[in-house]
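Counting from 1, the numbers follow the sequence of the chain as shown.
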Amino acid sequence: MGVDRDRWGQEVTAADPAAVERLDGAILAYCGMRTDIGERMKSVFEADPEMPMALVAKTAFLKLFATAKMDAAAATTLEALQARLADGEATARERAHAASMARWIAGDMEAACRGWEAIAIEWPRDLFALKLAQYLRFYLGDADGMRGGIARALYAWDEETPGYGYLAGSYAFALEEAGAYEEAERFGRRAVALDAADVWAAHAVAHVMEMQGRAEEGLAWLDGLSGGWDGVHNFKHHAHWHRALFALDLGRLDQALAIYDADVWTEAAGDYLDLSNAASLLWRLEQEGVDVGERWTPIADLSAERVGEHALVFATCHFAMALAADDRRDDLDRLEAAQDAHVGGAADAFAQVWGAVGRALVAAIEAARAGAPGEAVDLLLPVRERIVRLGGSHAQRDVFERLLLEAALADGRVSLARALLSERLQRRPGERYAESRLAALPGA
Ligand SMILES: [Fe+2]
């Protein structure tokens, strides 16, 4: 057992320098959202089955699936990590990673995130800590937190630092969510110039274009890059979801549906983000009057299997959309009962967000679908400002904004609809969707 240095100059405990080198590659593959992360991890463990940072990474990769099954495997891996740390040498950074991981496994996303942010303050080149903190801030609905986390580390990086593009792309996304669009686009475009296959950076720039109503340009941007995403894992479905949103923004409903069939819901799709993409897009297509045929059925089938999971309220709300759209009342009842019964620890993020907003949102989804739009409005209005706590991006949460607006329209609440449209058009001047609703209002 010895201490080596990784390619960022940080001390790493490993039995074999090859394990360090390979783990660096696995972390970069994670940042690049590549399909070969698992293969790379296997080769790390061949070189050192008990390497602390590799056990940290494995636990995180399992946890990122956000499923009950993988959560169980993550908990087992964490135990192996803790046993390894109890018996042998490890650096302060490795021990701090393990402590953050334990908090995450316990459901305390905020404390886990603070732990990784503290690591990145001491070791600002710890790309893995920076990325995990970003992931958790994202699902905590904290855009300024995402932005600050990376901004605090940037002084220690330059373009020669390995993985600089991934940091720049992550910063671009954080800036976009925090509303700093010009700076976001600059960092995102630089990252893509460094690596055209950097899908997260490409996606950050697409978010800027989505928020600024640059749909034609956004579609062309992603179309021009999508040919390089062969080695990208399921996240590419989400990037294609953005292509479909641009098509929808342009009023090209057939194209949006074609993108759904070809690239958003594919043979390989099925994880929580795939299900969320699918539910969110089908819902919007139906709001535009598109007949989506039987497309809800497989989404609802898979959602029904996950009603008892407590990983991300964001995902659970999308499962509920699919179940409501496919008229699965029993499954929705099971979902609500399972989540209401979930108490969790005192700092359990899921339980807190479910209570603060998830429960009302799911009830609103159900009411809207059951032909009770007035009830949906009454459920949503009081929690509207808390929807951000679900996490996800502005573009993703927009489906819930649209739900409120459509329910107000369906319930004949003209003043409310006009007010919501006024607010929306201040944020998205000239948006086709909002303009079309405004034109249809009585007296318009
Ligand atoms: Fe996105």
Step by step, work out the side chain to side chain contact (heavy atoms under 4.5 Å, CB included) result for Leu361 and Val383.
-> CA-CA 8 Å; Leu361 183 52; Val383 300; 5.5 Å; no
Do the rings of Trp116 and His97 sit parallel, tilted or perpendicular, given the 30° and 60° boundaries?
-> tilted
Which of parallel (below 30°), tilted (30 to 60°) and perpendicular (above 60°) describes His238 and Trp241?
-> parallel
Are any of the side-chain heavy atoms of Glu185 and Met209 separated by less than 4.5 Å?
-> yes
Run the numbers on His342 and Asp348 for side-chain hydrogen bond (donor to acceptor under 3.5 Å, both in side chains), then give the verdict.
-> CA-CA 10 Å; His342 172 69; Asp348 186 280; 3.3 Å; yes
Is the Lys NZ or Arg CZ of Arg306 less than 6.0 Å from the centre of Tyr272's six-membered ring, within 45° of the axis?
-> no
Start with the C-alpha distance between Phe138 and Phe173, add both sets of side-chain angles, then the distance that settles side chain to side chain contact (heavy atoms under 4.5 Å, CB included), and finish with yes or no.
-> CA-CA 10 Å; Phe138 177 67; Phe173 181 68; 3.6 Å; yes
How are the rings of Phe314 and His318 set to each other: parallel, tilted or perpendicular (split at 30° and 60°)?
-> tilted
Looking at side-chain heavy atoms only, is the closest gap between Leu420 and Glu423 below 4.5 Å?
-> yes
Please work out whether the ring planes of Tyr135 and Tyr139 are parallel, tilted or perpendicular, with thresholds of 30° and 60°.
-> perpendicular
Are Trp283 and Glu406 close enough that a side-chain donor and a side-chain acceptor fall under 3.5 Å?
-> no
Could you tell me whether Lys131 atom NZ has more than 12 heavy atoms of other residues or ligands within 6.0 Å of it?
-> yes
Salt-bridge present (Arg334, Asp331; N to O < 4.0 Å) = yes
Considering only NZ, NE, NH1 and NH2 on the basic side and carboxylate oxygens on the acidic side, decide whether Arg437 and Glu431 come within less than 4.0 Å.
-> no
Check the pair Val232 / Thr35 against side chain to side chain contact (heavy atoms under 4.5 Å, CB included), numbers first and verdict last.
-> CA-CA 6 Å; Val232 172; Thr35 52; over 6 Å; no
Side-chain heavy-atom pair Trp8, Trp123 within 4.5 angstrom cut-off | no
For His237 and Asp263, run side chain to side chain contact (heavy atoms under 4.5 Å, CB included): C-alpha distance rounded to whole Å, both residues' side-chain angles, the deciding distance at 0.1 Å, then the answer.
-> CA-CA 6 Å; His237 298 130; Asp263 295 311; 5.7 Å; no
Is the cationic atom of Arg328 (NZ for Lys, CZ for Arg) positioned less than 6.0 Å from the six-membered ring centroid of Trp296 and within 45 degrees of its normal?
-> no
